[in-house]
Colleague: 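First the structure, then my questions, so here it is.
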Number of protein chains: 2
Amino acid sequence: MKSKGETVRKHIVGTAHQLFYRRGFNQTSFSDIAAAANVPKGNFYYYFKCKNDILAAVVEHRLQAIQAQLQLWDDELSDARDCLRRFVDMLHREHAVIVRYGCPMGSLNLELCKTQPELHAHATRMFDLYRDWLERHFEQLRYTRDDAADLTLHLLAATQGAALIANTYKDAQFLQREADRIQQWIDSL
Amino acid sequence: MKSKGETVRKHIVGTAHQLFYRRGFNQTSFSDIAAAANVPKGNFYYYFKCKNDILAAVVEHRLQAIQAQLQLWDDELSDARDCLRRFVDMLHREHAVIVRYGCPMGSLNLELCKTQPELHAHATRMFDLYRDWLERHFEQLRYTRDDAADLTLHLLAATQGAALIANTYKDAQFLQREADRIQQWIDSL
DNA sequence: GTCTATAAGAAGATAGAC
DNA sequence: GTCTATCTTCTTATAGAC
């Protein structure tokens, strides 16, 4: 049984997550979150002592969601190559929001890297989850540790680049084409 | 002969350009620019009527610089493939700042796409210059118009992805490796 | 053209009643 | 736990003296 406070807290985190993605972290004000979550501004500080703490909670929440997703893929797919393909499939499934707002991880990283290194480190952890998971699956394809690490970064770069250019030019078709191209590259490994 | 005002204006634009890149547009305040340029805040509004106008001037300045650079490459290199390679060389030449602040165009686009579509359109024009130029050179390699357009977006995505991941993980070596990989891809065309 | 002073509003954060 | 009122600081922007 969840306490009332827990429910409200999660509601705030969910709302903040959406706003941080759609408006950017720095461009999202306390009032924005309060208004969208229907929670009075003052009440906020009962749950979070500052704005950065909300981001921390949002990232924590995202990390758990990503973990659960990766676990699901592992349970569902036995072939390592299928796992890599499923990762790239995200570009297909999320094409609408990617074209509109970019990749949630990529844009957060690029925003925070400039003047908020403490927060940036926080955001990098989302990439780390995918990175570690992808590396393991490349190793299952009998690549050495070093090669798997390099191929992983290459794959992350390919997906991030596709997302960024699709966003820049609002071009969902390019995103699809690029995702297909990456899939073919995986098949060729 | 330049008027005094012209000189000051250019100085402001140059300073703003640096700060917008290093801190992000929204995170750069008027006072930041004024302090860095040693121009009193109030004096600013003699040259620009609002903050958005400074961005417009910065972008205009960048567009001219990019145009001049592309022209130089065209004058210097006769082979279309060499031109494409020279474009990718930017990742090598600029690796230090890319790792630190990301790609100036990519990060600006990703920042402005979220809540400032008017400004985003402005920033996209920088990509357009490279896009048109790259397309022309792919066509010189006897690709059809459509293929050249697709290959251009693919190349832009590859460079943007490399820059973003190198920035995320502060990994200059990866950026070099990825640039080499893209060069090899160009050679294979 | 240059600069100071300041208005007007929004931001993050706090105090304290309920 | 919830909410209102408020403080402080920082923002963009303006007025007007020099």
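Proteins come first, then strands; the chains are lettered A, B, ... in the order of their sequence lines, and each starts at number 1. Just so you know, these numbers use all the heavy atoms, side chains as well, and skip hydrogens, waters and symmetry mates.
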Colleague: Show which side-chain atoms of residues 115-128 of chain B pair as donor or acceptor with protein atoms under 3.5 Å away, not counting sequence neighbours.
Modeller:
| residue | atom | partner | partner atom | Å |
| --- | --- | --- | --- | --- |
| Gln116(B) | OE1 | Asn26(B) | ND2 | 3.4 |
| Gln116(B) | NE2 | Asn26(B) | OD1 | 2.8 |
| His120(B) | NE2 | Asn109(B) | OD1 | 3.0 |
| Thr124(B) | OG1 | Asn109(B) | OD1 | 3.4 |
| Thr124(B) | OG1 | His120(B) | O | 2.9 |
| Arg125(B) | NH2 | Glu60(B) | OE2 | 3.3 |
| Asp128(B) | OD1 | Tyr169(A) | OH | 2.8 |

Colleague: Report the distance from atom CD1 of Ile33(B) to atom C1' of dC10(D), rounded to the nearest whole Å.
Modeller: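 Distance, rounded to whole Å: 15 Å.
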
Colleague: Can you pull the salt bridge (Lys or Arg N to Asp or Glu O under 4.0 Å) pairs that have at least one residue in residues 168-177 of chain B, sequence neighbours excluded?
Modeller: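 Output for this query lists Asp150(A)-Arg177(B).
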
Colleague: Can I get a per-line list of side-chain donor-acceptor pairs under 3.5 Å for residues 67-75 of chain B, giving both atom names and the distance, sequence neighbours left out?
Modeller:
| residue | atom | partner | partner atom | Å |
| --- | --- | --- | --- | --- |
| Gln69(B) | OE1 | Tyr130(B) | OH | 3.2 |
| Gln71(B) | NE2 | Asp75(B) | OD1 | 3.1 |
| Asp74(B) | OD1 | Trp133(B) | NE1 | 3.4 |
| Asp74(B) | OD1 | His137(B) | NE2 | 2.8 |
| Asp74(B) | OD2 | Trp133(B) | NE1 | 3.1 |

Colleague: Measure the distance from CD on Glu6(B) to C1' on dG1(C) and round it to the nearest whole Å.
Modeller: 13 Å

Colleague: Who are the ring pair (Phe, Tyr, Trp, His ring centres under 6.0 Å) partners of Tyr45(B), not counting sequence neighbours?
Modeller: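 Listed in chain order: Phe30(B).
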
Colleague: Report, as a single string ordered 5' to 3', how protein heavy atoms within less than 4.0 Å touch nucleotides 2-15 of chain C: B base, S sugar-phosphate only, - not at all.
Modeller: BBB------SBBB-

Colleague: Which hydrophobic side chains are connected to Tyr101(B), either touching it within the sub-4.5 Å cutoff or through other members that do?
Modeller: Tyr21(B), Val97(B)

